[in-house]
Amino acid sequence: MMERYRQVFRLTSLLLILSAAACDNLRRAAEELIDHRPPRQRYVDALANAGLGNTALATDWTAAGDRALRDAPLVNSPYEEQGYLAPGEPVAIALRIHVRRGQEVTLVMNLPGDTSTTLFLDAWSIDSGPEPILSHLVSADSGERLLRVTPRRDGQVILRAQPELLRGGRFRASLQVAPTLAFPIKPGTERDIGSRFGVPRPGDRSHHGVDIFAPRGTPVVAAAPGVVSRVNETSLGGKVVRLRATLGNSLYSSHLDRQSVSSGMQVAIGDTLGFVGNTGNARTTPPHLHFGVYRRGEGPVDPFWFLHRPRGAVARLVADTTRLGDWIRPANGRAMLLASPLARADTVAPLAQHSAMRVLSAAGEYFRVRLPDGATGFVHSRFIEPADRAIARLPAGGTILSRPVANDGPSNVVAVLALGDSAGVLGRFGEYVLVRSSRGVAGWVLQH
């Protein structure tokens, strides 16, 4: 009997231990659920808690993320960029794009062959004013390589990707803008839209939707998943179906010839709600669907951008991706540092011949480059050449530095050109020249 009591005691103790462990796991899980900090911020705070937050590497990493936001180039959809994130250098990449309310923008970061690197993906809206203010919109879950953003108003959005410290490699960034709703007539396209939002109507009214013309009896389908909230008939709208969409919008379809759903039904994208007609105050017009989008507390909003699918294709990659990470220089005096890879991009600055730049990535005909002072921009690949052939030579005696910065301490000194050694000049930046010695040592030398 005593042995049985011992067994029961041991079993009870084990259950208590397991219960405590389970509670501890539940507590940690609950803490993660209620921790609303973006993953990147949690990472920064973890570095600080480990006593690493003030190290040069961590502060440079944070600064690289801030600089990427400040220098984010404006691009068009669809867009693709291929590049190299050097693991030993704190880097980040950001893109800026104009998005209309009703559209969503998706950024996909692909690191071929790498499944272990943690990427931090974040998006901000830009509040216009004398000093633009960034408002954080959303972050991807930790480890995700895809970020989807649906802004609540028209404006520009910045999307940034940054790998964790000391990680990186080759990447392919793809950006796409798309409508958040499917087209509500099947078959049909936006070319069938004949009347836009806001057009004046009799009685001091304005058009609170778009009119999509189609033959009588064409199926009207759910443009989003949701629940049918109303099926009725009114003097203006005729036969009407209202759908409470899971995206937070109320979708309104009117002038139907007949309805095929009932209130309370749950529908998926593409399910038939009814059929095109001209009931209500549309009796004297050709059959069409009046389609509206409503937001609670706001009323009607323009549905066009919820349906419009931007046309275009990714620019064919012409810039030589074998140059990723290499030093390049203008081949002549025609090269300009541009703010973005668009044909009509603003000019940041003209580039003197032989100015040294490092290739970060390639998009279409352009290289994204970083100058020795950290400034970034784009340069047309037609106007550059590899910085691998010496344009002059330096005699022995010069001090080779890792960066073109004076008085940066002894850690900046790479080597001294010894007697009998010389260096070929590969590029220039201000008072410094980029060199490679006859013994293969590369760096910067101050020219007096």
Side-chain angles (χ1 to χ4, degrees), residues 38-44 46-47 52 55-69 71-73 75 78-95 106-123 139-148 158-176 314-328 341 356-364 366-372 374-379 381 384 386-388 402-403 442:
R40 185 179 182 275
Q41 186 59 50
R42 292 201 295 268
Y43 181 75
V44 170
L47 291 175
L52 302 173
T55 62
L57 190 61
T59 54
D60 287 349
W61 185 83
T62 301
D66 294 340
R67 185 168 57 246
L69 291 180
D71 298 338
V75 299
Y79 178 80
E80 187 172 286
E81 186 171 335
Q82 296 185 35
Y84 180 73
L85 300 172
E89 300 177 15
V91 289
I93 180 174
L95 299 169
T106 302
L107 172 67
V108 178
M109 284 290 293
N110 181 26
L111 276 66
D114 184 345
T115 59
S116 61
T117 296
T118 297
L119 276 174
F120 300 106
L121 304 181
D122 296 273
S139 299
D141 290 338
S142 183
E144 289 293 322
R145 305 282 173 94
L146 181 148
L147 179 63
R148 183 171 285 114
I158 294 179
L159 302 98
R160 182 186 66 191
Q162 186 171 23
E164 59 185 319
L165 277 169
L166 302 178
R167 302 299 293 270
R170 289 289 294 262
F171 74 86
R172 183 193 300 267
S174 302
L175 185 147
Q176 178 85 39
V314 173
R316 185 171 67 91
L317 184 59
V318 174
D320 184 3
T321 57
T322 64
R323 295 295 172 193
L324 295 177
D326 291 350
W327 287 98
I328 60 173
M357 303 168 284
R358 199 158 193 183
V359 177
L360 301 178
S361 56
Y366 297 87
F367 285 121
R368 188 198 289 246
V369 298
R370 182 172 62 226
L371 274 59
T376 60
F378 289 79
V379 62
S381 59
I384 63 93
D388 54 7
S402 62
R403 297 189 299 167

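No experiment lies behind these values; they were computed from the predicted model shown.
Scanning for ring pair (Phe, Tyr, Trp, His ring centres under 6.0 Å) contacts around Tyr43 gives Trp61, Phe120, with sequence neighbours left out. Looking at residues two or more places apart in sequence or on another chain, you find a salt bridge (charged side-chain N to carboxylate O under 4.0 Å, His left out) between Arg323 and Asp326. Looking at residues two or more places apart in sequence or on another chain, you find a side chain to side chain donor-acceptor pair (under 3.5 Å) between Glu81 and Tyr79, Ser361, Arg368. Every residue two or more places apart in sequence or in another chain that forms a salt bridge (charged side-chain N to carboxylate O under 4.0 Å, His left out) with Arg358 is listed here: Glu89. For the salt bridge (charged side-chain N to carboxylate O under 4.0 Å, His left out) test, residues two or more places apart in sequence or in another chain that qualify with Arg148 are Glu104. Residues satisfying the ring pair (Phe, Tyr, Trp, His ring centres under 6.0 Å) criterion with Phe378, sequence neighbours excluded, are absent altogether.
To the nearest 0.5 Å, atoms OG1 (Thr321) and CZ (Phe367) are separated by 8.0 Å. Taking CG of Leu165 as the start and CG of Leu57 as the end, the distance is 5.0 Å to the nearest 0.5 Å. Here the straight-line distance linking atom CZ of Arg40 with atom OG1 of Thr62 works out to 5.5 Å at 0.5 Å rounding. Separation of atoms CD1 (Ile328) and CD1 (Ile384) is listed at 4.0 Å; rounding is to 0.5 Å. Leu85 CG to Met109 CE: the interatomic distance, rounded to the nearest 0.5 Å, is 5.5 Å. A distance of 11.5 Å separates CG of Asp122 from CD1 of Ile158, quoted to the nearest 0.5 Å.
Nearest heavy-atom pair across Ala94 and Pro73 is O-CD, 3.2 Å. The shortest non-hydrogen separation linking Ala140 to Leu147 is N-CD1, 3.5 Å. The shortest heavy-atom contact between Ala58 and Leu47 is CB-CD1, 4.4 Å. Of all heavy-atom pairs spanning Ser139 and Pro39, the tightest one is CB-CD, 3.7 Å. Considering all non-hydrogen atoms of both residues, Ser116 and Glu164 come closest at O-OE2, 4.0 Å.
Looking at heavy atoms from C-beta onward, Thr106 lies in side-chain contact with Leu146 at the 4.5 angstrom threshold. When side chains are defined from C-beta on, Ser174 does not count as touching Leu107, because their heavy atoms never get closer than 4.5 Å. Taking 4.5 Å as the limit, some side-chain heavy atom of Arg160 sits within range of a side-chain heavy atom of Leu69. Counting only heavy atoms from C-beta outward, the side chains of Ile93 and Phe171 approach each other to under 4.5 Å. Within the 4.5 Å cutoff, no side-chain heavy atoms of Glu80 are placed close to those of Leu317. At a threshold of 4.5 Å between non-hydrogen side-chain atoms, the residues Asp114 and Arg145 count as touching. Contact annotation: the side chain of Leu119 approaches that of Pro163 to within less than 4.5 Å [non-hydrogen atoms, C-beta and beyond].
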- When you look at Leu324 and Arg170, which way does the side-chain contact (heavy atoms from CB on, under 4.5 Å) test go after all the steps? CA-CA 9 Å; Leu324 295 177; Arg170 289 289 294 262; 3.4 Å; yes
